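Everything on this sheet refers to the single structure shown next.
Keep in mind it's a predicted model, so treat the numbers as computed, not measured. The sequence lines fix the lettering, A, B, ..., with proteins before strands; numbering per chain opens at 1.
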Amino acid sequence: MENTLLFVLIFLPFAAAGLCWLVPSGAVRRGVVLVTAALLAAASLGLFGRGAFAATPESLLGLPLNGLITLADFALLLVILGIGLKRKNRWITILTLLQLVPLAIFELTLPEHGPIAPALVIDGLSLIMILVISIVGSLICVFALPYMEAHEQHLHLRSSRQGRFFFFLVLFLGAMNGLVAANNILWAYFFWELTTLCSFALIGHDGGEEATANAVRALVMNLFGGVALVCGIIFLYGAAKTLSIQDVVQAGSLGTMAFVAFALIALAGFTKAAQLPFQSWLLGAMVAPTPVSALLHSSTMVKAGVYIVLRFAPAFAGSAFADCLAVAGGFTFCVATGLALGQSNGKRILAYSTIGNLGLIMACAGIGTPAALAAGMLFIVFHAVSKGLLFLCVGAIEQTIGSRDIEDMRGLYDRMPRTAVITVIGIVTMLLPPFGVLMAKWMAIEAAADNLPVVVLIAMGSALGVVVWGRWAGILMSSSRTKKAWPEAQPALLRWPLAVLAGGAVVLSFLLPAVYASLVAPMLKGPIAGSAGSLASGLAAYLIYPLFLVLAAGFLYAVIAARQARAAVDTVYLAGAQAGPPESPAFTGPMDQPVVVSAGNYYLPSIFGEERLTFPLNVIAVALIIIMAGGALI
Amino acid sequence: MTSILLGILALILAPLAGGLIAGLDRRVTARVQSRFGPPILQPFYDVAKLFGKEPRMGNVWQIFCAYIYLLGAAVSVFLFFAGADLLLLFFVQAIGAVFLVFGALARPSPYSQIGAQRELMQILTYEPLLILVFVGLAKATGSFKVAAIWSHPEPLLLQLPLLYLVLTTALTIKLRKSPFDFSTSHHGHQEIVKGVLTEYSGPYLGLIELAHWYEVVLVLGICALFWSTSLVGLLVLLAVTYAAEIFVDNTMARLTWRWMLGSALLAGLALSFLNLVWLYLA
């Protein structure tokens, strides 16, 4: 049964992707994507029901699986090498060769070249990731069906390229599931590189100069991470004499060589999670259609980066290297949120916020106490749901109003009431208690209390986040209409993923104590078990549920009170110089001419402008990474 | 169980205390300015009058936000007196703070829009400072729980003098008192009129006034944590702190929010950092 579920989660997406590529019919594609999405979600829930286990599938369709993956690994690297040669891009070629050659030597000299047991391990962390990938990721794929139809109509393509698009989109889910289930680190490496290739193909999907350039940048940066990962694997094997991730994590003290490996793996994680100074590839990825951004930011790709670091976190907890990692993560959280403050482009705000939140997860991995690791894992779940939702909202808004600038979303409630309300829900679940993201942040701050620089950075980043999100949600409601707004029309496949994710963000937060008890708490046994007492009491059901219910009751009361208010409607205050109808406020200006009222947010470009900040911040980030590497050598 | 009863008691008594403090504040301020001043109970008369007025609104969001502001403030007071986690109750308080901004942004009036932006700048300044103060309290006592901090055997002011200074600065910003009264002000002639409150009137303004009283009580409660060992010491500390607030409110001209962000925040961070370093080294 377990093997069947794993087969569905990892290999079904490969098969479905193949179908999408080969069959040009839109109806077939729609069916395949819907069925795959449903099966993935169901299988992930089935796996959740069974809990943690280990498995070693020997063969796939009669072929030895270990050999198959090794073969696929080299095939994949050769494909990327081909891309490099075809585009005559020196960097792609060099970085691929830097992986290909060491990997080949390593594979050939590997003494016990056989399947190590177990090849796949499902524990709490893997389950969290699989649930996020298979449910949030699947919803994004469903959303992509109507979105891409509209997108291609808008682009006036002669022949549809949706087959290629869905091939990589669905493949991505399989690769991610494989990555988080793998216990053999060479398997993990294969799936890791596969996500790099998928993101390259998806970012460059629309073609054109900008898309191609940004796709190549993403590829180069992630290949750099791939080189770091290969080197990390080789060092890790040298130190621990095993390819099993679980064995490494449970081995206890491993010596300097292992820490060099951890530093390299963390570097690989930093590239994939777009931590400073590698943020530019994720910012460039916005040129892709919205479902791609949503997938990259919420449930796949960047989450792989934090996953791999969290995976190894127990092995280096409490070391000098871990402290440096925590500072680097806290730094990214603080400054990326600051950079988000300087932006008015909605997708860019979301991108910087993603980078920042991943930094916070890195910081949690570095702090390494049970409370911190729990915070990091919970953050992955709640961030994925809310961020996926917000990306889809921006996509839906952009297709209707033709802009992704938040200033153009002023008064969106008048035009798209349903989407506006869902966006506000998404923002509130990112920002305020009793929702999961904030609760995880709360745990992170308390866990960081012993590390002064980190706690200062998190406190600052947290406040910056209030400004970033607060003004966005606020102006969505900025309504001058006096009558009730009608819900806008929207295709069902567009509307339902939004509704499910918004509902999911709220319900999942309510279930926080259950999520913690079933997925996170079991992970905190073993080498990192410690005084999780304060954490357990902080997240106790008797505290969370009453708080949630009281706030929900107050919220409902406020909704009813606001709806039933029998109040006379006023025009806005304009110091008595009112002119024009209440729907479009204006005041009497010079020469008795009406001047339409306008207002804008503070973006403070002189403080938070990315043109000013990016270079110095990158320099600091590089310095922090070098210090981190130094920390590994101590 | 006692803690829940204490919380409920605070929920009922806090508006009374907040209103009385507001009355005292106005009276003392008047005396400082050589005026006679209103009766101590004037704030209650004012709010009662507001609730008696004809309700007028801009749109439903605005009303909704006023209620949530009150909700956030009241629940955080409850949590404080029930002895809950300081950071958690602070974030619950942030629900109210953020919804006050939402309410102001929900109207296209330029006055309330600018007020909202400035209020966000105030949040940006006081939030990190308060979080660091809470970290200091936890570091000194070993717990983030109000109940545990409250029963700490030594007055915390002696260990955390700089953090108390930071706290009072952050609270001046939080209570929007001069020199940090950018986002709203009790003076009618400000260039942004009443900032975030411009578009509120009647009973809805009454709700916001009520929420503000809760906030004042919460703020003084946090100050009280610094001298929780004796009632006399606590009352003296609160009286001196609030008197200093009134004095500063009356003698300082309003600064700009840029100054606040550039100087008050950086100075506050530096002072907190210094005090925390002592704690970490100790």
Is the shortest heavy-atom distance from the side chain of [X] to the side chain of [Y] under 4.5 Å?
X	Y	value
A:Val572	B:Glu199	yes
B:Val98	A:Val428	no
B:Phe91	A:Ser462	yes
B:Leu261	A:Leu604	yes
B:Pro128	A:Val456	no
A:Val466	B:Val101	no

If we define contacts as heavy-atom pairs under 4.5 Å, which of [options] has the most with chain B?
options	result
A:Ala558, A:Ala599, A:Gly600	A:Ala558
A:Gly461, A:Ala449, A:Gly554	A:Ala449
A:Asn601, A:Ile475, A:Leu341	A:Asn601
A:Gly470, A:Pro453, A:Gly411	A:Gly470
A:Gly465, A:Ala448, A:Ala562, A:Ser478	A:Ser478

Would you give the length of the straight line joining atom [atom1] of [X] to atom [atom2] of [Y], rounded to the nearest 0.5 angstrom?
X	Y	atom1	atom2	answer
B:Lys139	A:Asp450	NZ	CG	3.5 Å
A:Ile445	B:Leu87	CD1	CG	5.5 Å
B:Arg258	A:Ile607	CZ	CD1	7.5 Å
A:Met460	B:Leu129	CE	CG	8.0 Å

Chain A contacts, top residue of [options] (heavy-atom pairs, under 4.5 Å):
options	answer
B:Ile63, B:Leu279, B:Leu269	B:Ile63
B:Phe273, B:Phe134, B:Trp61	B:Trp61
B:Phe90, B:Trp257, B:Tyr126	B:Trp257
B:Leu124, B:Val135, B:Leu120	B:Leu124
B:Gln113, B:Gln62, B:Arg56	B:Arg56

Please report the C-alpha distance between B:Phe99 and A:Leu432 in whole Å, then the side-chain angles of each, then the deciding distance to 0.1 Å, and finally whether the side-chain contact (heavy atoms from CB on, under 4.5 Å) criterion is met.
CA-CA 10 Å; B:Phe99 269 85; A:Leu432 293 175; 3.8 Å; yes
Looking at every non-hydrogen atom in both residues, tell me the closest pair between [X] and [Y] and how far apart they are.
X	Y	answer
B:Leu71	A:Val550	CD1-O, 4.5 Å
A:Val467	B:Met121	CG1-CE, 4.1 Å
A:Met477	B:Asn59	O-ND2, 4.4 Å
B:Gln117	A:Tyr602	OE1-N, 3.0 Å
A:Val597	B:Pro108	CG1-O, 3.4 Å
B:Pro110	A:Leu574	CD-CD2, 3.6 Å

Counting only heavy atoms closer than 4.5 Å, note whether [X] contacts chain A via side chain, backbone, both or neither.
X	result
B:Glu54	side chain
B:Leu265	side chain
B:Ile131	side chain
B:Val92	both

What do you reckon, is OH of A:Tyr557 surrounded by more than 12 foreign heavy atoms closer than 6.0 Å?
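No.
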Counting only N and O atoms by type, is there a donor-acceptor contact under 3.5 Å from the side chain of B:Glu127 to the main-chain atoms of A:Ala459?
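Looks like no, no N/O pair under 3.5 Å.
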Name the region of [X], side chain, backbone, both or neither, that has any atom closer than 4.5 Å to a heavy atom of chain B.
X	answer
A:Arg566	backbone
A:Pro585	side chain
A:Leu438	side chain
A:Leu431	side chain

Report the C-alpha separation of A:Val455 and B:Leu132 in whole Å, then their side-chain angles, then the decisive distance to 0.1 Å, and conclude whether the side-chain contact (heavy atoms from CB on, under 4.5 Å) test is met.
CA-CA 8 Å; A:Val455 84; B:Leu132 291 181; 4.2 Å; yes
Pair B:Phe64 and A:Phe555, ring centroids less than 6.0 Å apart:
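Judged by ring-centre distance (under 6.0 Å), B:Phe64 and A:Phe555 do meet the cut-off.
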